[in-house]
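Following: one structure in structure tokens, then a few remarks.
To find a chain, count down the sequence lines: A is the first, B the second, and so on, and within it residues start at 1. This one's a predicted model, so the numbers in the text were calculated from it and none came from an experiment.
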Protein chains: 2
Amino acid sequence: MPSPFANTTSPEGNISRMESAVSDKPLTTGKRREPYEQKRERAIRAAATVFAEKGYHGATTKDIAERLGIRQGSLYYYFRSKEEALEEVCILALRDYVGRMENITHSNKTFADKILDVVHSHLNSYRDDNEALKVHNDQRLYLPEERRERIKRDGSHYRKMLEDLFRAEIAKGAIPQNIDAQFAAQSVIGLCNSWGALLVRDDDIDMERLAERCSDLILNGCCYRPDHTFQSQP
Amino acid sequence: MPSPFANTTSPEGNISRMESAVSDKPLTTGKRREPYEQKRERAIRAAATVFAEKGYHGATTKDIAERLGIRQGSLYYYFRSKEEALEEVCILALRDYVGRMENITHSNKTFADKILDVVHSHLNSYRDDNEALKVHNDQRLYLPEERRERIKRDGSHYRKMLEDLFRAEIAKGAIPQNIDAQFAAQSVIGLCNSWGALLVRDDDIDMERLAERCSDLILNGCCYRPDHTFQSQP
DNA sequence: CTCTGTTTCTATTGACCTATAGAGTCCGCG
DNA sequence: CGCGGACTCTATAGGTCAATAGAAACAGAG
């Protein structure tokens, strides 16, 4: 039996699969079998759901397999270990999350609109990746140090981009000097995470409204007078 | 061997112990043995530490016992089950936390000062009960419904008190009508929890300063101009 | 010192879980 | 058709863990 884990680092899958994906020969007829990477991602999402509900240690590989409709042993065709499954869930959670932040920081909207976008994007991650981001937040520390390096790097990158957003605004003089960019960024992340955790498995919440409220809280606090509302200069 | 779990509901301990505590006969000589309830609380705190570090499912009863300096089997003199230990940790976490909130709401400080006190008290819980509150936040959902009733009640009570704080200020007209008290209260709690989680095991953070910044963020946002700073009327 | 209740210990049971090995099945392709 | 790789299955090894039972150690009161 050929191992599907020929290459150890890339999350893109095994070599033979990659070659066949690159191969110019079109893969014949209509009803194709579901590609490896596609089913593997389904496996990752299944793991995310189970980890979110029961926690990493509380979840069993049997739980994950059942949700996928296969047997416990078969799961190891897609993961080398339960730990790897958790790592993949965390990586998946950060993938689009970080990408969207990059787009936001490079846009030329006003500061206030960027903050709204950040909050909106963050909260939306709890819809799209659903359980994955929750798992990243709550369970990633159960991974051993070596396995957390990439995850830590991505997380720090995200935080730093948000900090720089505040720093730039402070440098422009549009925000008081005494604001601490690190504090502000961490607060935005924390606020979004705590609301996001409540969002999971509660589909009837008005996201737009919530995002507006969150960014408004961050910019103006909950006690501002309308005529004092912050407006950043473009 | 008489079970120390004669009464099933009270967290105050077994009947014979309670009677001896009530007994008027003074309990003789100098070096007293550590009372049951006192050691039990040490056991709860040991459980809190271990649960905080490894998670409920990741922690073993052996871990808890070792931290307490006894053997795994002996732990069952203080807990009927691992689950009960988690429940007790959560109850302990909320005990003083809720009590302090009651004091704050009944004080006659200004709204702004009350919010500062709330934040200060919340963050301080992460120092005093240290791991317990973190365990409550992260692990309580692993308890079965029946065991969570009291915990849910206490948590809701806390949140409601905070909501009422905002509602009263809105009614006074000191805060804009369009502020949602539920949103504001939940945001305060979420912000404090996310900062609190970072506080655990990081002793060199200036708590006073952090509390001020958090309450300032909530009241005025991070982008206020000094002359716009919110001041509630007494 | 002896008696009694308390606390801790050792030893074990039975359940459960991860990971692996190797056989079996399916399907597209030549 | 029948080969070969991809995928899934069964079965099990090897280990860990929660919880219990019963013996032992301990401490204070009479």
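Scanning for side chain to side chain donor-acceptor pair (under 3.5 Å) contacts around A:Arg147 gives A:Glu83, A:Glu87, with sequence neighbours left out. With sequence neighbours left out, B:Arg140 forms a side chain to side chain donor-acceptor pair (under 3.5 Å) with no residue at all.
Remark: A:Ala59, A:Thr60, A:Thr61, A:Gln72, A:Gly73 in residues 49-73 of chain A come within less than 4.0 Å of DNA chain C through at least one heavy atom.
Residue A:Lys82 contributes atom NZ, which lies 15 Å from atom P of C:dC16 at whole-angstrom precision. Rounded to an integer number of Å, the gap from B:Arg80 CZ to D:dA18 P is 18 Å. Rounding to whole angstrom units, OH of residue A:Tyr36 and C1' of D:dT8 are separated by 13 Å. Look at CZ on B:Arg42: it is 13 Å from C1' on C:dT7, rounded to the nearest Å. Regarding A:Phe79, its CZ atom lies at a distance of 15 Å from the P atom of C:dT20, rounded to whole Å. Between the P atom of C:dC17 and the OH atom of A:Tyr76 lies a distance of 12 Å, rounded to the nearest Å. Spacing between atom CD of B:Glu34 and atom P of D:dA27 amounts to 14 Å, rounded to whole angstrom units.
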*Just do the side chain to side chain donor-acceptor pair (under 3.5 Å) check on B:Thr60 and B:Asp63 with the steps written out, would you?*
CA-CA 5 Å; B:Thr60 69; B:Asp63 294 330; 3.1 Å; yes
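Side-chain nitrogen and oxygen atoms of A:Tyr77 include none within less than 4.0 Å of the OP1 or OP2 phosphate oxygen of D:dT8. OP1 or OP2 of C:dT8 has at least one side-chain nitrogen or oxygen of B:Lys39 nearer than 4.0 Å. OP1 or OP2 of C:dT8 lies within a sub-4.0 Å distance of a side-chain N or O belonging to B:Tyr78.
Within the cation-pi definition used here (under 6.0 Å to the ring centroid, within 45° of the axis), A:Lys82 qualifies as a partner of A:Tyr56.
Checked by atom type, the side-chain pair A:His120/A:Glu208 shows a donor-acceptor distance below 3.5 Å.
The residues A:Arg167 and A:Asp164 are annotated as salt-bridged, a charged nitrogen and a carboxylate oxygen being separated by less than 4.0 angstrom.
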